[in-house]
Student: 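Have a look at this one.
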Amino acid sequence: MNDKRLLFQQIKVKSAIYLGIVSLSSSHLPMQAQSILIPPKNKNQEISLKAPKFPDNGAPTGRRRGGTSRNDCPEIKTPLTALVPGKETQDEFNDSTSFLASTVSKYPTFWVYIPDVPKKARFGEFILQDKAGKDVYRTSINLTQTKTIIGISTPSHPKYSLEIGQKYHWYFKIYCKDGEAEAGYFYVDAWIQRVALTPDLKRQLQKVKSQKFFTNTDQNIWYDKLTILGKLVDANQQNSTIKVNWNKLLKSVGLQDVSQAPIEVP
């Protein structure tokens with residue numbers, strides 16, 4: 001009888017310690033950790049993912065697949081692509097639209113697929129503007145690799161911080177002649193909105209169960225999800241399951257054609 005009572009007490013103590021650790025780790029998450037999704041507890045578990053629903057209801061839209069602005073740009077097979085929700089026709093991506101998506105981060109990361117372009121067209125530019133068209137952040141990028149997915153992060157400085165509730169317009173351009181902004185260029189553009197980390201969303205982010213990793217798809221928190229999973233792929237190059245999950249995420253928004261490209265994390 002004493003042995004059973006002792007065993008029961010040990011189980012209670014272990015349970016209390018476990019719950020205390022979970023409570024401490026979730027209730028005291030730093031703001032930076034709250035700005036991204038908690039990854040699956042088991043990295044080797046494939047996710048179950050349904051196609052997300054994003055606004056196509058008059059919200060600002062952009063161009064998800066980059067054509068050329070002038071005729072002096074070379075022809076490329078798979079176009080410059082913004083890794084954002086959107087839609088397109090099957091007519092060689094000529095009619096491609098990007099949808100507004102959200103973030104809870106002050107300083108989000110923006111992801112772009114860089115196609116195979118000639119050496120003379122290795123000059124890129126990222127531009128982030130407010131709704132009135134005023135520059136928030138602008139930077140030039142020398143593209144050392146092609147056929148790759150790159151992330152562009154804004155500096156962690158108050159003047160670059162996104163305000164809650166505001167919509168921002170971003171562009172990525174590849175100029176067809178190195179360093180010549182007057183030349184033709186490929187470009188994509190999309191919109192992002194920072195939303196508040198509500199108590200309900202915070203609770204969802206603090207649940208460590210693997211299936212909860214993608215719960216916030218329904219809340220359109222796209223940029224954070226893409227960033228944390230992209231960094232998981234980069235940090236676990238030999239983990240095929242994480243790569244499968246990355247492919248599933250991009251496929252859910254119709255970007256399976258670029259999902260196999262290597263990732264360059266900022």
Side-chain angles (χ1 to χ4, degrees), residues 46-47 49-52 54 61-69 73-101 103 108-119 121-126 141-153 170-176 185-192 214 217 220-237 239-266:
E46 290 189 21
I47 59 171
L49 186 63
K50 62 180 180 180
F54 293 94
T61 59
R63 182 174 189 169
R64 188 165 73 162
R65 304 278 191 169
T68 59
S69 64
C73 288
E75 213 173 298
I76 52 177
K77 184 176 181 181
T78 303
L80 172 69
T81 303
L83 269 59
V84 295
K87 67 177 182 179
E88 56 207 22
T89 67
Q90 297 301 312
D91 184 22
E92 298 181 354
F93 311 117
N94 287 333
D95 185 16
S96 177
T97 302
S98 63
F99 293 158
L100 170 71
T103 180
T109 299
F110 304 82
W111 296 86
V112 180
Y113 167 78
I114 306 297
D116 190 10
V117 293
K119 289 185 178 180
R122 299 288 175 86
F123 174 66
E125 186 178 32
F126 173 79
I141 299 174
N142 290 318
L143 306 172
T144 57
Q145 299 183 50
T146 58
K147 285 189 177 180
T148 186
I149 291 172
I150 66 170
I152 306 105
S153 297
W170 65 272
Y171 301 80
F172 189 85
K173 301 178 180 180
I174 298 180
Y175 292 96
C176 298
Y185 54 84
F186 305 101
Y187 81 96
V188 290
D189 69 295
W191 288 81
I192 184 173
F214 289 94
T217 297
N220 195 18
I221 315 295
W222 171 261
Y223 287 88
D224 308 87
K225 180 178 18 279
L226 189 68
T227 296
I228 189 61
L229 191 51
K231 290 183 177 181
L232 276 175
V233 173
D234 181 68
N236 299 271
Q237 294 290 336
N239 191 313
S240 59
T241 303
I242 294 179
K243 291 181 180 178
V244 168
N245 292 338
W246 170 261
N247 295 339
K248 284 184 177 181
L249 181 60
L250 292 183
K251 184 178 180 180
S252 73
V253 292
L255 294 178
Q256 59 271 17
D257 59 312
V258 301
S259 65
Q260 298 295 332
I263 297 174
E264 188 176 317
V265 174

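Hydrogens, waters and symmetry mates are skipped; everything else that's a heavy atom, side chains included, is used.
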Student: The criterion is side-chain contact (heavy atoms from CB on, under 4.5 Å); which residues satisfy it with Q237, sequence neighbours excluded?
Tutor: D234, K243

Student: Does T146 have any side chain to side chain donor-acceptor pair (under 3.5 Å) partners at least two apart in sequence or in another chain, and if so, which?
Tutor: D116

Student: Write down the atom of L83, the atom of L255, and the distance for their closest heavy-atom approach.
Tutor: CA-CD1, 3.8 Å

Student: Go through the structure and list residues passing side-chain contact (heavy atoms from CB on, under 4.5 Å) with I76, not counting sequence neighbours.
Tutor: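 Listed in chain order: P115, V117, F186.
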
Student: Any side-chain to backbone donor/acceptor pair from T148 onto P262? Under 3.5 Å, distance only.
Tutor: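 Here the side-chain-to-backbone pair exists.
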
Student: Within the structure provided, determine whether F99 and K87 are in side-chain contact (heavy-atom separation under 4.5 Å).
Tutor: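 When only atoms from C-beta onward are counted, K87 and F99 do touch, with a gap below 4.5 Å.
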
Student: List the residues meeting ring pair (Phe, Tyr, Trp, His ring centres under 6.0 Å) with F110, not counting sequence neighbours, and say none if there are none.
Tutor: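 Once residues adjacent in sequence are excluded, the partners of F110 under the ring pair (Phe, Tyr, Trp, His ring centres under 6.0 Å) criterion are F126, W170, Y223.
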
Student: Run the ring-centre check on F123 versus Y175 and record whether the distance is less than 6.0 Å.
Tutor: yes

Student: Return the minimal non-hydrogen interatomic distance between R64 and G254, and the atom names on each side.
Tutor: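 Between these two residues, the closest heavy atoms are NH2-O, 4.1 Å.
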
Student: State which residues pass side-chain contact (heavy atoms from CB on, under 4.5 Å) with Q260; sequence neighbours excluded, sorted by chain then number.
Tutor: N247

Student: Given side chains that start at C-beta, do those of D257 and L250 come closer than 4.5 Å, heavy atoms only?
Tutor: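 No, too far: nothing below the 4.5 Å cut-off.
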
Student: side-chain hydrogen bond (donor to acceptor under 3.5 Å, both in side chains) for T227 and W111? Distances and angles first, verdict last.
Tutor: CA-CA 8 Å; T227 296; W111 296 86; 3.0 Å; yes

Student: Kindly write out the residues that satisfy side-chain contact (heavy atoms from CB on, under 4.5 Å) with S153, not counting sequence neighbours, or none if the list is empty.
Tutor: T109, P266

Student: By side chain to side chain donor-acceptor pair (under 3.5 Å), which residues pair with S98, not counting sequence neighbours?
Tutor: none

